[in-house]
Structure formats: structure tokens, C-alpha cells
Amino acid sequence: MKPVSSRRQFIKQSGLALTAVVLPISFTKSSINTFMNTTKSFDVIIIGGSYSGLAAAMALGRALKQVLVIDSGHPCNAQTPYSHNFLTQDGNTPKGIASIGKEQVAKYPNINFFNGIASKGTKTKKGFDIETEWGEKFQASKIIFATGIKDVMPKIAGFEACWGISVLHCPYCHGYEVRDTATGILGNGDYAFELAKMIANWTGDLTIYTNGQATLTTEQLAKLQKHHIKVVEKEITKLDHNTGHLKVIVFTDGSTVPLNVLYSPRPFVQHCTIPESLGCEMNEDGYIKVNGFQETTIDGVYACGDNTTRLRAVANAVAMGTTAGMAVSKKLILEQF
């Protein structure tokens, strides 16, 4: 799958003021409910064991449905040290929050967990068959995808190591902690200009690094100058850092500039290609198209979390997961009556 890369799509998917990390977490086989001696058929299979998937599982578990959660164990934000803007959990670690959620969901005996990667999905007369990369096969009447998205990193040395720590994508996630400090934006054109208008709320010391010739308009440059926002057009070769904490931007001409914070929302691809292979429609931004009940365009297939929306907030992911779980359970209850 190609990254979402057009200027219009890039600006939209970045979310600007509405992005936040949905925080998945890996779970070892020692923590799963044992089901290998019983049937491998379930009412619902949830692919993705992050906040949205866990919320969906809880709603289904409380509705007495047999559920399997398949989680890859590879969180997209393993480096992120703290989670913010999540009521009752502000400032806690992503791993700690997710562990509490997993512990609570695992108390329901009808919810099972499998540590693996779902690699194939097939529509059948009874529902859906899901196969993992190691060949395990499971069957369910309904499927919920809570698989998230994968951010595409630029080819700048040190960038990935700093991602989620000092190279940031969302001021609502991290802006408060780095307020009133020298801050950079890696971007160009309309995208950089719109993001600069947002980030200027948190700091008066802001510089746009275009990583090459600027494509900003004359009017945009004048507006930036009015707000004392600088523009640097040099190409970047690497980010010097200490365990993910940015220290210096190094340019291809050998010059450097000290900097501790750099915003750079990324284009993305879907983390899981099964929804598309089943025929689920994607919207123009590259997200799975769903309705208000988290139903995709394929009957029996639901999706929730940041694979469906620019609003990548933990609280939103939980709400979407709960909605999906309740909608699926209601559908099953009425079908089984």
C-alpha cells in the first residue's frame, strides 16, 4: 500500500490540532486466557489489542459474547514516555495505562487473547476466517479491526529514534510539556504554514525547517515574519540526539543548530491490509470508511480507533471501541433471537 502522500491528503491526515497517539501495548502468552482445548470459533474476533480493541472487547464481554483479541505485540508508540490529555490517566506511561486496561478486560472469562499477527481474512458462509502469520486459523461471525496506522518516517538519520520523544506530531499530546521553548517544525508549503499557526500557541520561539527550498507563498512568508516565525531552507542530514532526546539538527552543508523539540506529523499507511482485501472502502484520506456505529462498508466488518479517523486521541479510541463493541453485540443478540 502506498503512503498517503498528496499535499491535500497529507495536510488532512496530519490532523494538525486533532492528532494524538493511540497507545497499543504487547501482551505475552502468559497473560492470555487459555482456549486451545476448546473451539477456535468465536462470536467476534478483534484484531488489535490497543485501547480501542480492548474497549470493544470489554463491551462484548459484558454482553456475554465469546471474543478473541489478536494482538501483534508491536506497539507503534513504544518509545512514547508519557500519555497526556486522557482524563484520570494524564501523565501516566502508555504501557502502564494499557496494562490496567488489559487486566480489567481479562477478568471476563469469555474474552480470550492471542499474541500474533493476523495476516489473512476470508469471508465465508458462517462469517469470517482469520489466519495468522504462523498458520493458526480462527473463525467468527463478526470482525472488528482496531489495527491502527503506521507512520512513514523520512530518510533522516536519528529521526525515528526521536519519534514520540522529542520529535512530535501533536501539540495536544505534548505541547504543554515543551511550551515556551525553542521549537521547530519540519515541513513545507501549506502544511507547514497551517501547523505553524497552531504551534505558535505554545511557544513564541518557532522556526520552520523546510529541508530544501521553501514552497511557502509570499503572503504566507509575510504572515510568518509578522509573528516572528523564522524559515530555514537548508537540507537536513541528521538529528543528533541522546536516547531519543533531540540535541542538534545537522544540515548537509555541515552547519548545525541546537534544538530540543521538532514537530513533524507524518503521512501513513494502514497497519493491516485485511480490511481492504475484504473489500472495505477507504476514504480519500486513506482511513477505513465507517458509519456512526463503526460499521465498514462490508457487512459484519467493523473498525475503530486511529485506522478510521484523524482524531488520534486515546479517549476517542476508547469511545469508538466501546461503540463498536456495543453495536456488534446488539447485532448478534438480535440475529440470535
Side-chain angles (χ1 to χ4, degrees), residues 1-2 4 22 24 26-27 29 32-33 35-36 38-57 59-61 65-76 110-150 268-283 286-291 293-309 317 320-321 323-325 327-329 331-332 335-336:
M1 182 183 299
K2 294 182 179 180
V4 178
V22 174
S26 61
F27 305 117
K29 288 189 177 182
I32 66 174
N33 296 330
F35 60 87
M36 299 308 292
T38 60
T39 178
K40 290 190 178 182
S41 294
F42 301 86
D43 293 316
V44 184
I45 293 176
I46 300 171
I47 301 175
S50 181
Y51 288 108
S52 207
L54 289 173
L60 285 158
K65 299 307 169 189
Q66 295 298 319
V67 180
L68 174 65
V69 179
I70 300 176
D71 182 54
S72 68
H74 299 290
C76 69
N110 47 325
I111 300 177
N112 302 278
F113 295 88
F114 183 83
N115 188 11
I117 298 176
S119 59
K120 183 179 179 181
T122 307
K123 184 77 170 71
T124 68
K125 292 182 179 180
K126 294 183 179 180
F128 301 89
D129 287 342
I130 297 295
E131 185 174 339
T132 73
E133 63 175 351
W134 298 109
E136 297 93 349
K137 296 181 179 180
F138 307 102
Q139 189 277 330
S141 175
K142 313 291 182 190
I143 303 292
I144 298 176
F145 289 96
T147 44
I149 57 175
K150 182 179 180 180
F268 70 92
V269 295
Q270 286 285 332
H271 220 182
C272 178
T273 60
I274 298 175
E276 195 168 13
S277 72
L278 290 173
C280 295
E281 290 185 26
M282 303 288 165
N283 66 22
Y287 295 101
I288 302 172
K289 186 181 293 185
V290 294
N291 63 16
F293 297 101
Q294 306 303 136
E295 295 176 292
T296 72
T297 54
I298 298 299
D299 186 44
V301 180
Y302 295 70
C304 54
D306 62 343
N307 57 5
T308 68
T309 178
M320 294 172 74
T323 298
V328 172
S329 67
K331 191 81 174 283
L332 288 168
E335 288 177 351
Q336 295 166 357

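No side-chain heavy atom of E276 sits under 4.5 Å from any side-chain heavy atom of Q270. When side chains are defined from C-beta on, T296 does not count as touching F145, because their heavy atoms never get closer than 4.5 Å. With contacts defined as side-chain heavy-atom distances shorter than 4.5 Å, the pair K65/K142 does not qualify. With contacts defined as side-chain heavy-atom distances shorter than 4.5 Å, the pair I144/C304 qualifies. Between D43 and Q336 there is a side-chain heavy-atom pair separated by less than 4.5 Å.
For the residue pair T147 / N307, a side-chain donor-acceptor distance below 3.5 Å is found, with atom types taken as modelled.
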Salt bridge (charged side-chain N to carboxylate O under 4.0 Å, His left out) assessment of K331 paired with D299: CA-CA 11 Å; K331 191 81 174 283; D299 186 44; 3.4 Å; yes

Test side-chain contact (heavy atoms from CB on, under 4.5 Å) on S141 and L332 and set out the steps. CA-CA 8 Å; S141 175; L332 288 168; 3.8 Å; yes

Passes side-chain contact (heavy atoms from CB on, under 4.5 Å), F114 versus T132? Steps please. CA-CA 10 Å; F114 183 83; T132 73; 3.9 Å; yes

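Not one N or O on the side chain of N112 forms a donor-acceptor pair closer than 3.5 Å with the backbone of L68. Side-chain atoms of T309 do not come within 3.5 Å of backbone N or O of D306 as any donor-acceptor pair.
The distance from atom CD1 of I45 to atom CD of Q139, rounded to the nearest 0.5 Å, is 7.0 Å. The structure places OG of S119 at 5.5 Å from CD of E131, a figure rounded to the nearest 0.5 Å. In this structure, I288 CD1 and M282 CE are separated by 4.5 Å, a value rounded to the nearest 0.5 Å.
A distance of 6.0 Å or more separates the ring centres of F42 and F128.
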